[in-house]
Amino acid sequence: MRDGFIKVAVSSPELRVADCGFNRDKMVDKAGKMADLGVKLLAFPEFSLTGFTCNDLFLQDTLLEGALQALKEYKEETKELDLVSVVGMPFLHRGRLYNVAAVVNRGKICGIVPKSHIPNYAEFYEARQFVPWNQPVSEVLLPWGEETVIGNRILFAAAGLPEFTFGIEICEDLWMPVPPSGELAMAGASVIVNPSASDELTGKAAYRRELVKNQSARTLSVYLYADAGEGESTQDMVFAGHNLIVENGAVLAESEPFADDHDLVTEIDLFRLRSERRRMTTFPLMADPAEKGFVIREFGINTQEETALTRQYQRTPFVPDTRKNREKRCNEILNIQANGLVKRLKHTSCKNAVIGLSGGLDSTLALLVTVRAFDRLGLSRKGIVCVTMPCFGTTDRTYENAVHLAEELGTALREIDIREAVTTHFRDIGHDIRVQDVTYENGQARERTQILMDIANQCSGMVIGTGDMSELALGWATYNGDHMSMYGVNCSVPKTLVRFLVQYYADSAEQDSLKNILYDVLDTPVSPELLPPEEGEISQKTEDIVGPYELHDFFLYYVLRFGFSPSKIYRLAWYTFQGDYDRDTIYKWLSAFYHRFFRQQFKRSCLPDGPKVGTVSVSPRGDLRMPSDASDALWKAELDRIHESFV
């Protein structure tokens, strides 16, 4: 399974209470269809062979024998399928009746897992027929002569793919203060399967969803919840087939209660979970699960074939999902930025701030955050000194937006034309002003930073950094120029999120004049404006030089957040952006990303302070402790192999 993707499924097939033959046939049919789709793990609900609502019929030998016969026939009829199934049934063992899940793979019963906690309340009174399992894992001989094991400390591991290891807890087990899935995960299970029969009550679906999400997040696992549905007796309860597939707290697939189709099929990312557990060193993986009584049972599937992707990946993973509460999420981010600045201003007893306002996105967001911080402190906005410093590349559009924005927000404004100062500097160092090279560009950036720092000294203020995380990742900042400040409010905000926040601010602004300025800033091409305009328009467009920020932010997220390999990131980018970028374009900018990312670490190693707003940052004191001289040879070699595969 290349890149750790495994296709899994949850199914609640049509069912007849106590009709094991009918239920077996429906499950065999589902298993065949799922195998055709490439599914490798299929979970059925609790008592899927008999129905959950058999009640005292579970005490009848006929039903128990019928369930065993149905299990035998199911495993024989699915032995040619390349998948592993989790099947629910009653099971009599040494004179006690257990509610179990049987694991079936290629004509064999890999193991039988009994329920650990048996409910004895109201509508669920399983204690009348069943007992909980509280013994070590033991061997068991099935009536047809097959040997297997029974117990609630069994891990099922795919031969040749140790990351694909799952454990089982059953329905009520999840509702306990300490669910068995916690220890299963610590013993090495990356996937938890829960065959369940949870009746539907008003509001219960939402509670169930949050419970599954929470346990998946706590165990850093994929959680497959298979719920009983159509066909169960409605004598006293109704079952809705509310199935869920959740990966580390995020719902990948969910069937609506009482939906016509309860089947869920999606891909899980085992390497993503591996990365999460590797990063979270407080996750207490057991050194030797056997010492705690865990037994590992292998099952066989084809781990070499490629899993076709169908799950959705967000094109802008740093940007909050707009289907949720946009205002709440944006204000949360803005408040983190502003509160970081508030603390720094209070700590230094500083009542003034200095911002280089260019009329671009980054400085606009930095100003909006600074205004919020000053308002929170009850300081006059006139203490915010916005400095616009036109030079060779400044256009009328950005200049006017900077001026009007400062005025609209009620801040102080200073205009300092730096053309003469930069020209004099070039003469002093012997640089021909007609040579528009990196010296030409960086000389302007450093002159601006010098002015900001000196003005901060004049007014006993603090220079607020405007650079964002995308620029820092790519090294698109002039060392000791815009790279430097006294507090960088945007330092962990990537470019796509900067745009999103400014868009939110524009949409929610009460004054039309402020809206219009912000909308025009959003429409302005991203540029450092260090080269002369062409016919009055911006000539130097950042994304033409370093590449589209939506691609770079996508790369950055999976590099920093999960440590994915170049080949996996390339695959995800091609899958997510196909139709907008071809393979060559994605490869070109991914190669550029790694090249710049490794070579520009020295700039990130001495970054000013600034607040972390999301799950990752490039701060040398926090998320990215990377040597400035690290070689990128291994990453380049993999990039070369990617290129060879499609050239």
Side-chain angles (χ1 to χ4, degrees), residues 9-35 39 41-81 83-94 96-115 126 129-130 133 140-150 154 156 168 170-171 193-197 226-233 239 241 262-263 297 299:
V10 173
S11 179
S12 302
E14 183 185 355
L15 175 143
R16 290 180 185 170
V17 178
D19 191 340
C20 299
F22 178 87
N23 300 335
R24 174 208 60 220
D25 289 344
K26 292 296 182 181
M27 292 165 65
V28 168
D29 181 61
K30 284 290 185 186
K33 291 178 179 177
M34 294 301 180
V39 169
L41 172 59
L42 171 60
F44 291 112
E46 189 176 13
F47 291 117
S48 48
L49 282 175
T50 60
F52 174 78
T53 49
C54 291
N55 289 316
D56 281 356
L57 292 180
F58 284 126
L59 301 175
Q60 298 286 318
D61 289 342
T62 302
L63 183 62
L64 300 181
E65 291 167 4
L68 277 171
Q69 182 63 25
L71 175 65
K72 179 184 178 184
E73 292 167 355
Y74 176 85
K75 66 128 179 166
E76 290 173 350
E77 293 182 45
T78 60
K79 65 182 179 181
E80 301 301 324
L81 303 181
L83 56 68
V84 58
S85 310
V86 179
V87 176
M89 60 181 290
F91 186 74
L92 186 64
H93 178 65
R94 295 180 181 173
R96 290 288 184 266
L97 191 57
Y98 297 96
N99 173 354
V100 306
V103 176
V104 184
N105 173 240
R106 292 182 174 175
K108 296 181 180 179
I109 308 300
C110 299
I112 296 172
V113 179
K115 196 170 186 175
E126 286 178 58
Q129 300 96 15
F130 297 93
W133 182 271
V140 62
L141 182 66
L142 299 174
W144 52 86
E146 181 178 356
E147 294 181 350
T148 188
V149 294
I150 183 171
I154 305 175
F156 300 92
I168 298 171
I170 301 175
C171 198
V193 178
N194 187 330
S196 180
D227 191 24
E230 182 180 354
E232 291 286 358
S233 172
F239 298 85
H262 303 289
D263 291 350
R297 299 282 287 184
F299 61 89

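None of the values given here were measured: they were computed from a predicted structure.
Closest non-hydrogen pair, L15 versus S48, comes out as CD1-O, 3.7 Å. Considering all non-hydrogen atoms of both residues, C54 and V17 come closest at SG-CG1, 3.8 Å. Closest of all the heavy-atom pairs between V86 and A101 is CG1-CB, 3.8 Å. The shortest heavy-atom contact between P90 and F130 is CB-CE2, 4.0 Å. Across all their heavy atoms, S85 and Y74 have their closest contact at OG-OH, 2.8 Å. Listed here is the closest heavy atom pair of M34 and S11: CE-CB, 4.3 Å.
Each of K79, K75, E146 was compared with K108 under the side-chain contact (heavy atoms from CB on, under 4.5 Å) criterion, and only E146 meets it.
Between the side chain of N194 and the backbone N or O of C171 there is at least one donor-acceptor pair closer than 3.5 Å. For the pair N23 (side chain) and R16 (backbone), a donor-acceptor distance under 3.5 Å is present. Remark: side-chain polar atoms of H262 are paired, donor with acceptor, to backbone N or O of G241 under 3.5 angstrom. The backbone N or O of C110 sits less than 3.5 Å from a side-chain atom of R297, completing a donor-acceptor pair.
For the 3.5 Å distance criterion, the side chains of Q69 and E73 qualify, holding a donor opposite an acceptor.
A tilted orientation is assigned to the rings of F47 and F52, their planes being inclined by 30° to 60°. By the 30° and 60° cut-offs, the orientation of the rings of W133 relative to H93 is tilted.
Side-chain atoms of P13 and F44, non-hydrogen and from C-beta on, do get closer than 4.5 Å to each other.
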### Message
Show, in sequence, the C-alpha distance, side-chain angles and deciding distance for V103 and F299, and conclude whether the side chain to side chain contact (heavy atoms under 4.5 Å, CB included) test is met.
### Response
CA-CA 9 Å; V103 176; F299 61 89; 5.7 Å; no
